[in-house]
K.L.:
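First, the structure itself, so that you have it in front of you.
Chain letters run A, B, ... following the sequence lines, proteins first, then strands; residues in each count from 1. Predicted model only: the values in this text are computed from it and were never measured.
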Amino acid sequence: MLQQTPVNRVLPVWHTWLDRWPTPPALAAEPAGEAVRMWGRLGYPRRALRLHQAAVTITEEHRGSIPDDLEQLLRLPGVGTYTARAVAAFAFRQRHAVIDVNVRRFVGRAINGRDDQRTAVSRQDLELVESLLPQDAESAARASAAFMELGALVCVARAPRCVACPVRQECAWQRAGSPAVEGPGRRAQSYAGTDRQVRGLLLAVLRESRVPVRQDILDSVWDKPVQRDRALRGLLDDGLVVAVAPGVYALPGE
DNA sequence: AACCCGTGGGG
DNA sequence: TCCCCAAGGGT
């Protein structure tokens, strides 16, 4: 849920979710569509599908218990470099470098002295962050949590609160005079009018309906037929929507 | 590697 | 208003 989504928005959904599905087998026992529905408006609903798939895998291949091994975590759908390491470090208290957007920014500034716009995590990145961790695994996990908090609350993207930063005196970015972002920066992908928006509108209708929805209802959410059909086809391809009859759609039943 | 995938809050 | 940004992953 936290992937690309602010913590404050995740919290209420997370509580409701765990109240209903406290264990992977509990989630796996329900249709994937229920996961998509419970996901609500968190965004990127494919994550709900993958989380459900991960619950099925955990139930069938790991006796219902989340694996504590990095390699096995990485094999779960929807679990990538960040999530696997976060689970191994924070849930299982193992010593692993954890790099999310906050750690990336904090280390980029404090160590490298520049705003790092990259999102991909390289071996070098992992080695650098690992070199910052205490040797003791428990202390390392606490340090990783501290890096993330520092990046999320103090060393923020827009207007960093350097006056409140505990490592201000040792910060390479401070020393360099807080240089602005280098390069062209990432292009913010516009959202209004994109397929993503249309997909969101279509899925919202299906999420809020307890019964299958007819084509003409879906058609009413977007007035460009070509784009609308493309968006629906995409949702079908992703498995977020299924056709229960010709021209009748619903969230996936199993 | 570049691009796709939602949504909402804050500046 | 518009733009930026958010505990990324898959292809």
Side-chain angles (χ1 to χ4, degrees), chain A residues 1-14 36-54 57 73-91 96-108 115-122 125-126 129 141 143-161 180-181 183-208 221-222 227 230-241:
Chain A
M1 289 177 181
L2 291 165
Q3 293 167 359
Q4 291 287 286
T5 306
V7 177
N8 288 336
R9 197 181 318 158
V10 164
L11 277 175
V13 181
W14 179 71
V36 174
R37 181 171 282 113
M38 282 294 278
W39 200 255
R41 304 189 63 79
L42 276 183
Y44 292 142
R46 293 194 290 195
R47 296 180 296 170
L49 218 46
R50 295 189 186 123
L51 184 52
H52 181 269
Q53 291 164 354
T57 301
L73 284 166
L74 277 171
R75 288 192 205 115
L76 298 173
V79 176
T81 305
Y82 161 72
T83 304
R85 287 167 172 275
V87 170
F90 300 136
H96 298 292
V98 181
I99 304 181
D100 72 336
V101 65
N102 300 300
V103 177
R104 162 78 74 191
R105 184 175 51 248
F106 167 60
V107 171
D115 262 319
D116 196 337
Q117 295 300 296
R118 294 176 304 140
T119 55
V121 172
S122 69
D125 297 328
L126 291 170
V129 173
S144 290
F147 295 161
M148 291 176 65
E149 289 296 298
L150 198 50
L153 302 178
V154 177
C155 196
V156 295
R158 205 74 70 90
R161 305 173 50 211
V181 190
R186 36 172 128 101
R187 316 194 59 70
Q189 190 193 4
S190 56
Y191 178 68
T194 62
D195 287 7
R196 299 165 77 174
Q197 183 184 17
V198 183
R199 286 168 57 109
L201 292 170
L202 292 171
L203 201 59
V205 173
L206 293 166
R207 214 171 37 225
E208 277 132 45
V221 306
W222 199 253
Q227 187 180 28
R230 185 172 63 234
L232 179 56
R233 200 158 49 244
L235 290 171
L236 290 164
D237 287 344
D238 289 344
L240 282 164
V241 176

K.L.:
Whole angstroms only, please: what is the CZ-P distance between A:R50 and C:dT11?
P.N.:
7 Å
K.L.:
List the residues meeting side chain to side chain contact (heavy atoms under 4.5 Å, CB included) with A:A86, not counting sequence neighbours, and say none if there are none.
P.N.:
A:Y82, A:F90, A:V98
K.L.:
Who pairs with A:Q227 by side chain to side chain contact (heavy atoms under 4.5 Å, CB included), at least two apart in sequence or on another chain?
P.N.:
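Side chain to side chain contact (heavy atoms under 4.5 Å, CB included) list for A:Q227, sorted by chain: A:D195, A:V198, A:W222, A:K224, A:R230.
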K.L.:
A:W39 has an atom CH2; how far is it from atom C1' of B:dC5, in whole Å?
P.N.:
13 Å
K.L.:
Between A:L42 (CG) and C:dG8 (P), how many Å, whole number?
P.N.:
13 Å
K.L.:
Look at all strands and tell whether A:V79 reaches a base, only sugar-phosphate, or nothing, counting heavy atoms closer than 4.0 Å.
P.N.:
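Since only primed, P, OP1 and OP2 atoms lie under 4.0 Å of A:V79, the category is sugar-phosphate.
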K.L.:
What is the distance, to the nearest angstrom, from the CG atom on A:D195 to the C1' atom on B:dT7?
P.N.:
16 Å
K.L.:
To the side chain of A:V101, which of C:dA7, C:dG9, B:dT7 is closest?
P.N.:
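Selected nucleotide: C:dA7.
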K.L.:
Heavy-atom nearest nucleotide on DNA chain C for A:L76 versus A:L2: which residue maps closer to 5'?
P.N.:
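Final value for this comparison: A:L2.
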K.L.:
Strictly by modelled atom types, are A:R47 and A:T5 linked by a side-chain donor-acceptor pair under 3.5 Å?
P.N.:
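The criterion, which ignores hydrogens and geometry beyond distance, is satisfied for A:T5 and A:R47.
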K.L.:
If you check the A:T83 side chain, which of C:dG8, C:dC5, B:dG6 turns out closest?
P.N.:
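The nucleotide sitting nearest to the side chain is C:dG8.
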K.L.:
In whole angstrom, give me the gap between the P atoms of C:dA7 and B:dC5.
P.N.:
22 Å
K.L.:
Should A:Y44 be listed as having a side-chain N or O under 4.0 Å from OP1 or OP2 of C:dG8?
P.N.:
no
K.L.:
Just the atom pairs and distances: protein N or O near nucleotides 8-10 of chain B's N or O, under 3.5 Å.
P.N.:
| unit_1 | atom_1 | unit_2 | atom_2 | d |
| --- | --- | --- | --- | --- |
| B:dG8 | OP1 | A:R41 | NE | 2.4 |
| B:dG8 | OP2 | A:R41 | NH2 | 3.1 |
| B:dG8 | N3 | A:R9 | NH2 | 3.3 |

K.L.:
Just call it for A:A86: base, sugar-phosphate, or nothing, with non-hydrogen atoms closer than 4.0 Å on any strand.
P.N.:
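Result for A:A86 = nothing.
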K.L.:
Tell me: CG of A:D116 to P of C:dC5, nearest whole Å?
P.N.:
13 Å
K.L.:
Could you give the CG-to-C1' distance, from A:L203 to B:dC5, as a whole number of Å?
P.N.:
12 Å
K.L.:
Within the structure, does a side-chain N or O atom of A:R47 lie under 4.0 Å from either OP1 or OP2 of C:dG9?
P.N.:
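Negative; the distance criterion is not met.
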K.L.:
Over all strands shown, is A:G80 touching base, sugar-phosphate only, or nothing at heavy-atom distances under 4.0 angstrom?
P.N.:
sugar-phosphate
K.L.:
Say you pick atom P in C:dG9 and the same atom in B:dG8; how far apart are they, in whole Å?
P.N.:
22 Å
K.L.:
For the pair made of CD in A:Q3 and C1' in B:dT7, what is the distance, rounded to whole Å?
P.N.:
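Taking CD of A:Q3 and C1' of B:dT7, I get 15 Å after rounding.
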K.L.:
Tell me which one of A:L49, A:L203, A:L51 satisfies side chain to side chain contact (heavy atoms under 4.5 Å, CB included) with A:W39.
P.N.:
A:L51
K.L.:
Can you list the residues that meet the salt bridge (Lys or Arg N to Asp or Glu O under 4.0 Å) rule with A:R50, with sequence neighbours excluded?
P.N.:
none
K.L.:
Considering residues at least two apart in sequence or located in another chain, which fulfil the side chain to side chain donor-acceptor pair (under 3.5 Å) criterion with A:T81?
P.N.:
none
K.L.:
List for me each residue that meets side chain to side chain contact (heavy atoms under 4.5 Å, CB included) alongside A:V156, sequence neighbours excluded, and say none if there are none.
P.N.:
none
K.L.:
Are any side-chain N or O atoms of A:R207 and backbone N or O atoms of A:G40, one a donor and one an acceptor, separated by less than 3.5 Å?
P.N.:
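Between the backbone of A:G40 and the side chain of A:R207 there is a qualifying donor-acceptor contact (under 3.5 Å).
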K.L.:
In whole Å, I'd like the distance from the CZ atom of A:R105 to the P atom of C:dA6.
P.N.:
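Roughly 5 Å, once rounded to whole Å.
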